[in-house]
Number of protein chains: 2
Amino acid sequence: MKSTTKKKSLNPEDWELATLDVIAHEGVGAVAVEPLAKALGVTKGSFYWHFANREDLIQSALKRWRSDDQMLIKQRIFSLDDPHERLKAWFFLSAEPSQSHLVYATLLADRKHGFVAKVLKEVTLERLSYLQKAYQETGMSESDAKQQSLLAYSVYVGYLHMAKTLHGKLKESENIQNYVHYVANQLLP
Amino acid sequence: MKSTTKKKSLNPEDWELATLDVIAHEGVGAVAVEPLAKALGVTKGSFYWHFANREDLIQSALKRWRSDDQMLIKQRIFSLDDPHERLKAWFFLSAEPSQSHLVYATLLADRKHGFVAKVLKEVTLERLSYLQKAYQETGMSESDAKQQSLLAYSVYVGYLHMAKTLHGKLKESENIQNYVHYVANQLLP
DNA sequence: CAATTTCCATACGCTTGCGTATTGACATTT
DNA sequence: AAATGTCAATACGCAAGCGTATGGAAATTG
């Protein structure tokens, strides 16, 4: 994370966005007030004006992340009428590179912060219920839809990590497109 | 991690096993010499007798993890002749709780240590090639086997995280068995 | 214009943890 | 018995980072 141009005056959003950037690349544990301040071109005096402490900052950042992510999913996916199209849009969205996915991936691995586990669980259950609903609308029984949504979601989570782990062995554009089509074929009823 | 009974004298294996326990539960970044020493009932003087530094310890611990895991996979899965049985064994093994899975999950999230990325990639590629080989032996084309093994592996990785994230909502034994059967049905040719 | 508010810099004390140096205790070898 | 090797304890200096306190600068309000 590079130092930004010194800005006239910072607001809480500036801090939160910088925090999400750290979380995306290094996880919640790497969020540190002083290096963040340095990156933003200030010292920590102003940080403590805006936030009670480090955890307050992280919670605010995650709240923002969650809200933005919900909005994106609603616009891109759950505005579609046809459940098949919705599921397809999910597969394509889930394979797109984005900071949101990176943040989500690091939250998945967090073992130390109860508030992280809480946000993670809520976001995950919400997404799963959207997927289950879509599968049910295609005609699946409730119990099959439940298993299938869990499976499809596991594929998303797995893909998040595979893309990073096998960087350079997965990243050819045609391979990604092929894979997504393959997955959609396997997981769409 | 609790303090163990004070042992007469520690060997490198003691340190490595304690380190894997920390990695499993909190990730590589949480490995710290002094708390480890405390947990083992000694002070860090003897740590530095056995290991050059913290990284040396972590690398040794990961080397042990990798070696044990390879052995387990070979015994439980790749000793089977029938590729269908092998794949089924993989699905069941991958859903079993184990420290090895926990370690693997935290390695997946590590963004800070090049040597971790290296081990992770090697382990992952090795497992993928085993899976691909098994799918091919069931009669799949090479390119389908490749995609299918990536998909099946993504499901494993996804499941690792879902089990933790949705703790208490996934952990009923019948649900796990149902899920594994469901997955096997979907992903076995 | 003075008072208040907002944002910010800096000093301080504390904690955690690292690696190095030194010394001690015990076991093994010569 | 002396020398050597193994394991371990402790002190030390350093760094990173946290939160608190204090004072300053700029903007806004009355």
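By convention in this document, chain letters (A, B, ...) are assigned in the order of the sequence lines, proteins followed by strands, and residues within each chain are numbered from 1. What's counted below: heavy atoms across the whole structure, side chains too, no hydrogens, waters or symmetry copies.
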Next on the checklist: What is the distance, to the nearest angstrom, from the CG atom on A/Asn11 to the C1' atom on C/dT5?
Outcome noted: 16 Å
Checklist entry - Between B/Tyr104 and B/Arg66, is there a cation-pi geometry (under 6.0 Å to ring centre, at most 45° from the normal)? => result no
Checklist entry - Does a nitrogen or oxygen in the side chain of A/Ser46 sit under 4.0 Å from OP1 or OP2 of C/dC7? => result no
Item to check | Distance in angstrom units between B/Trp49 CH2 and C/dA27 C1', rounded | outcome: 13 Å
Checklist entry - Of the nucleotides D/dA8, C/dC18, C/dC8, which one has an atom closest to the side chain of B/Lys44? => result C/dC18
Next on the checklist: Can you measure B/Ile58 atom CD1 to C/dG17 atom P for me and round it to whole angstrom units?
Outcome noted: 13 Å
Checklist entry - Side chains of A/Tyr153 and A/Ser94: is there a donor and an acceptor less than 3.5 Å apart? => result no
Item to check | Protein-nucleotide distance (A/Arg54, atom CZ; D/dT20, atom C1'), rounded to Å | outcome: 18 Å
Item to check | Nearest-neighbour nucleotide for the A/Ala32 side chain, D/dG17, C/dC8, C/dG19 considered | outcome: D/dG17
Checklist outcome for this item: Among D/dC18, C/dA9, D/dC7, the one nearest any side-chain atom of A/Thr43 is C/dA9
Checklist entry - Under 4.0 Å between a side-chain N or O of A/Ser9 and OP1 or OP2 of C/dC8? => result yes
Next on the checklist: Rounding to an integer number of Å, can you tell me how far B/Phe51 CZ sits from C/dT20 P?
Outcome noted: 15 Å
Checklist entry - Would you say A/Asp144's side chain and A/Gln147's backbone share a donor-acceptor pair under 3.5 angstrom? => result no
Item to check | Touch class at under 4.0 angstrom, heavy-atom based, for A/Tyr48 against every strand present | outcome: base
Item to check | Minimum-distance nucleotide to A/Glu34 side chain [options: C/dG17, C/dC8, D/dC18] | outcome: D/dC18
Next on the checklist: On the six-membered ring of A/Tyr130, is A/Arg86 placed so that its NZ or CZ lies under 6.0 angstrom from the centre and within 45° of the ring axis?
Outcome noted: no
Item to check | Closest nucleotide among C/dG19, D/dG19, C/dC8 to the A/Asn53 side chain | outcome: D/dG19
Checklist entry - Looking at the side chain of B/His50, which of D/dC7, C/dG17, D/dC18 is the nearest nucleotide? => result D/dC7
Item to check | Shortest side-chain distance from A/Val33, nucleotide among C/dC18, D/dC18, D/dA8 | outcome: D/dC18
Checklist outcome for this item: Rounded to whole Å, CG of B/Asp56 lies from P of C/dC18 at a distance of 14 Å
Next on the checklist: Can you identify which nucleotide, out of D/dT10, C/dG17, D/dA9, has its nearest atom closest to the B/Val42 side chain?
Outcome noted: D/dA9
Checklist entry - Should the pair A/Glu126-A/Lys121 be classified as a salt bridge under the 4.0 Å nitrogen-to-oxygen rule? => result no
Checklist entry - Between atom CG in B/Leu36 and atom C1' in C/dG17, what is the gap in whole Å? => result 12 Å
Checklist outcome for this item: Between CG of A/Asp14 and C1' of C/dT6 the distance, given in whole Å, is 15 Å
